[in-house]
Number of protein chains: 2
Amino acid sequence: MTSRVAPPSPGAERRLAVIDMGSNTFRLVVFRYRPGGSFQLVDEIRDAVRLSAGAGPQGLHPDSLERAAHTVRLYAAFCAHAGLEAVDAVTTSAARDAANRDDVMEALTAGGALGVRVLSAEEEAWYGYLGVVNSTTLGDGHVLDLGGGSIQISRVVGRGLERVVSRPLGAVRMTERFLPGERASRGEMKALRKHAARELGEVGWLSALGGRMVGIGGTIRTLARMHQRAVRYPLDELHGYMLPRDGIEELIERMAAAPASERSRIAGLKPDRADITLAGAIVISTAMDYLGVQRIEICSQGLREGLFYERFLAPAEPPLIADVRRQSVLNLADIYRCEMPHAERVAQLALGVYDELARLGLHTLDRRERELLWAAAILHDAGVLVDYNDHHKHGFYLILNAGLPGYRHHELAMVALLVRAHRKALPSADPLADIVGGAGAEALGRMAVCLRIAEQLERGRAGGVRRLSADARDGLLRLEVDAEGDPTVALWSAAQEAPAVEAAFGRRLELALA
Amino acid sequence: MTSRVAPPSPGAERRLAVIDMGSNTFRLVVFRYRPGGSFQLVDEIRDAVRLSAGAGPQGLHPDSLERAAHTVRLYAAFCAHAGLEAVDAVTTSAARDAANRDDVMEALTAGGALGVRVLSAEEEAWYGYLGVVNSTTLGDGHVLDLGGGSIQISRVVGRGLERVVSRPLGAVRMTERFLPGERASRGEMKALRKHAARELGEVGWLSALGGRMVGIGGTIRTLARMHQRAVRYPLDELHGYMLPRDGIEELIERMAAAPASERSRIAGLKPDRADITLAGAIVISTAMDYLGVQRIEICSQGLREGLFYERFLAPAEPPLIADVRRQSVLNLADIYRCEMPHAERVAQLALGVYDELARLGLHTLDRRERELLWAAAILHDAGVLVDYNDHHKHGFYLILNAGLPGYRHHELAMVALLVRAHRKALPSADPLADIVGGAGAEALGRMAVCLRIAEQLERGRAGGVRRLSADARDGLLRLEVDAEGDPTVALWSAAQEAPAVEAAFGRRLELALA
């Protein structure tokens, strides 16, 4: 197959395991990737080890270390059998600060069998930052990371990490110190708020920053999940979710009203997080208040992904994806095996029609809309992987459920809806009308016309259409096409989009050879 | 990654285009495949050319040939740009029987640019047969193929094609001869039935065959789609659907009640088939009556797939997939990139648990159930391709919508439900309870237990469990596991399936080291 755009020539497929031994949770994740190509998380084991539970002046508790050692042995056996290129194992706050460091490392390395790096607070923040900037469009703002042991706040300027502060305000630590019982009293909660505010107040540059804030870590994800359930959010996607501070306060009230052992009845709260999430929520809300932000943008990536990106993007320094949104689209196109030459020609034609319609004043050119149209054109055949029949519907499912890091939820919904609308039934915003809104539903009809006409013109897959121009008068939309070879079928095919044009623009479609 | 079963080492990926110039419809399809590996239909262009429309003693009509020539030029341009290994273009009844053969071939080859084979009736039946036996479990029975020009009936014995008959009873031909008007009268329909019965009656070996009958071709697929809509069938899958003769008779009544131009209002009937489907339905129903079969099993594959299989399976002669059901599962596992060593270990363990439970009399060993459990185990991680989170739900979607040729619909539903039930929420037959039935829903719970325990024992991916045995007494189900390395976590993980065991068998689960 020939392509006008040189395809990337990625290397052979590899597998990397990242082991993250956090203060609350241990996680082993496996990424499958091709350097310079696509990547995907393909395996995960999660264990609520509670490494920092019961820690005191003597260091981490022997029971905790025993639980940790069991889990690490499992992970080491896993890694020995998983065909991995490399294993990157790290541990953070709990181990870093422990007095009995030798015992801790004995447990975490399975007696030396597994190489484990103890990350400094700065390194921990660095990898969290890499996870965030490579999966969001954050250019300037802050990253808030609440772990089991500590909170990290990072300032990002021009996509660079400018400064970091770490404070021992983690969810497990604060639970043990302030809310250790079955019931959390008003007084205890107030004391925790006061303590958190005081700790943060010691950092001069922190106060009332405002601006964009991205949140990472298990506690923040849990709160976002709980909030989505509470408001019956129609998408099942955490990454990119906007969690408002007043929503966190409502969740704090709901959790505080129940004893710790019954909190997991609240939708979205896992049993192994039921006790520590209240303290975590209070720390986060206090931090948001102190920093002057009203909402936090959920990022489901973080430390583990940051470690992965460093390897995936090597030797780039700093390891930053140049264009996160573009990479998200191309990543899915590769995973779902879209035929790129065809996809790129459809994208080119769809944008050509879009620009012509804007030139005629039939719609206002909108750069964001234009980019969504490009994304949908690249991914329009993704569903073929499931079944050629109804592949527009399968593409909708595949895109919506995989997500597109860097795209807002309403944008993700729009791309998925456009893909569904690229053939067969006319565009409809159902069941995502609430997400895209009235204006979005209207734009969907206009944009789908561009995609449908492009797909019809490329029906012969021959890339024959060289140029197109449009004209609009007397209730007509006339498209003139300059094509190689025999354009009869291309024109006849495109003419079938008359109903879509009528529905979106109230005009009759006419097609002609230039 | 190591594997106990040697994986196939398939060749490099290839693309084959098949062009089928039928009497009613032209179709270009593209298969992506690796010899000895998986295959998939990845592209399709369909044109209602109506090659045989208006044909008379002088041969095919010039207007038909002009339409055909346009379409063929499009297909030729497509093939020149699609990176294909080969193009296999064939034509059948209409061209075969035409008096103006030279003009026909001039049009169908785009003036000699495209090599086109005119298949004999026997060859046409042969490739249809190859499509059927490689996508169903048909061992002994008949294949009924209704095209635009002719009907073919093939007798299959021991998976071999024994004999074939072809009669010029195609849907386009019969429409033009018997039902040419907007309204079909009772008298016209009766005359068509009589004609079809007489034509079939001339074939000695045909009468009252009974047994299993598989139907292929666009008319039969259309009738099946219409019937599914009429009965609000819960699955969106034609292949494997059982179409009853009385259902066809009801559809004949509904079509006959409307003028031809309004029949496409009937759900499932495409506009470009609205006029010819009535005559086709009458021929099929007449044939079923004459042959003594009450239902016809829909096969969505046929001639085009037969042509593909010949190349895909080369040099095998005859080109038959040894085990269609097994190949269907392995095909999906490859397309969805399941990690086979893990999948195979989970399958082995799940079947081990299943057999032990049968030995203890906790359920009756059922070979079909056992095979479904194997299929679900092989495919249990298919959904990871979409997103690791909720991959059990994504796997359900991917399997149900891709289908498993050779499996009955209730079996396909069962595999998809089992995959969904392999982690997280306990098994439920929703929304496919009507398909699997009450006994199926009950079996689902028992089978899911086997899969869940197997997955937990393989949580470390290390293949450490060598042997397991079960014991049942005093309300307990005790599993003893013989394992390499440290089995603590494996046992602890498997113990988490106690609620599933309780729900399915009313017993407490206990795990121990052998």
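Nothing here was measured: the structure is a model prediction, and the numbers come from that model. Throughout, protein chains are lettered first and strands after them, A, B, ... in sequence-line order, and every chain is numbered starting at 1.
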Can you tell which part of A:Ala80 gets under 4.5 Å to a heavy atom of chain B, answering side chain, backbone, both or neither?
neither

Interface check, chain A: of B:Arg73, B:Lys393, B:Arg32, most non-hydrogen pairs under 4.5 Å belong to B:Arg32

Test side-chain contact (heavy atoms from CB on, under 4.5 Å) on B:Leu385 and A:Leu385; report intermediate values, then the result.
CA-CA 11 Å; B:Leu385 193 79; A:Leu385 194 79; 3.3 Å; yes

Taking the six-membered ring for Trp, are A:Tyr397 and B:Tyr397 parallel (under 30°), tilted (30 to 60°) or perpendicular (over 60°)?
parallel

Considering non-hydrogen atoms only, spot the tightest contact between B:Leu41 and A:Tyr388 and give its length.
CD2-CB, 3.7 Å

At a heavy-atom separation under 4.5 Å, does A:Asp236 approach chain B through its side chain, its backbone, both, or neither?
side chain

Segment of A:Gln40 engaging chain B (4.5 angstrom heavy-atom cut-off)
side chain

Passes side-chain contact (heavy atoms from CB on, under 4.5 Å), A:Asn401 versus B:Asp387? Steps please.
CA-CA 7 Å; A:Asn401 284 288; B:Asp387 189 7; 5.7 Å; no

Is A:Arg459 salt-bridged to B:Asp47, cutoff N-O under 4.0 Å?
yes

So, the part of A:Arg67 with a heavy atom under 4.5 Å from chain B: the answer is neither

Hey, could you give me the NE2/CG distance between A:His394 and B:Leu398, rounded to the nearest 0.5 Å?
9.5 Å

Contacting moiety of B:Tyr336, where chain A heavy atoms sit under 4.5 Å
side chain

Part of A:Glu13 lying under 4.5 Å from any heavy atom of chain B:
side chain

Pick one of side chain, backbone, both or neither for A:Arg337, based on which atoms fall under 4.5 Å of a heavy atom in chain B.
both

